[in-house]
Amino acid sequence: AKKRFKALVDSALPEGSPQIVQRALIVEDEPLIAIDLEATVRTLGFEVCGTASNPRAAVELATSRQPDFILMDVYLDEG
């Protein structure tokens with residue numbers, strides 16, 4: 001699963017782009033899942049620039065920290 005995740009992230013990069021540290025924002029309302037995702041992302045060599053548990057916090061973090069990609073739960077408790 002980790003190799004598949006890394007392949008998906010790598011395929012989202014523009015072709016020929018340098019392999020630089022990618023910054024991820026994690027949006028997940030289940031704390032244990034968020035912790036697991038953060039550990040997985042770091043294990044794969046990415047930087048986690050923030051974790052949010054609701055849409056408002058996600059927008060604020062995305063605006064201020066400008067992640068390269070976002071891992072988001074599409075079914076947050078707040079809708």
Main chain of C49, side chain of R65: is a donor-acceptor contact present, judged purely on distance under 3.5 Å? yes
Without swapping roles, check the side chain of E30 against the backbone of L32 for a donor-acceptor pair under 3.5 Å.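 Absent.
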Closest heavy-atom pair and its distance - [X], [Y]:
X: A58; Y: M72; value: CB-CE, 4.3 Å
X: S53; Y: L76; value: O-CD2, 4.3 Å
X: A34; Y: T51; value: CB-CG2, 4.1 Å
X: P67; Y: A24; value: CB-C, 4.2 Å
X: L37; Y: I26; value: C-CD1, 3.8 Å
X: L25; Y: G50; value: CD1-O, 3.3 Å

So if you build clusters from Ile, Leu, Val, Met, Phe, Trp, Tyr with side-chain heavy-atom gaps below 4.5 Å, do V41 and I35 land together? no
If you look only at pairs with a residue in residues 33-42, which of them pass as a salt bridge (charged side-chain N to carboxylate O under 4.0 Å, His left out), with sequence neighbours excluded? E38-R42
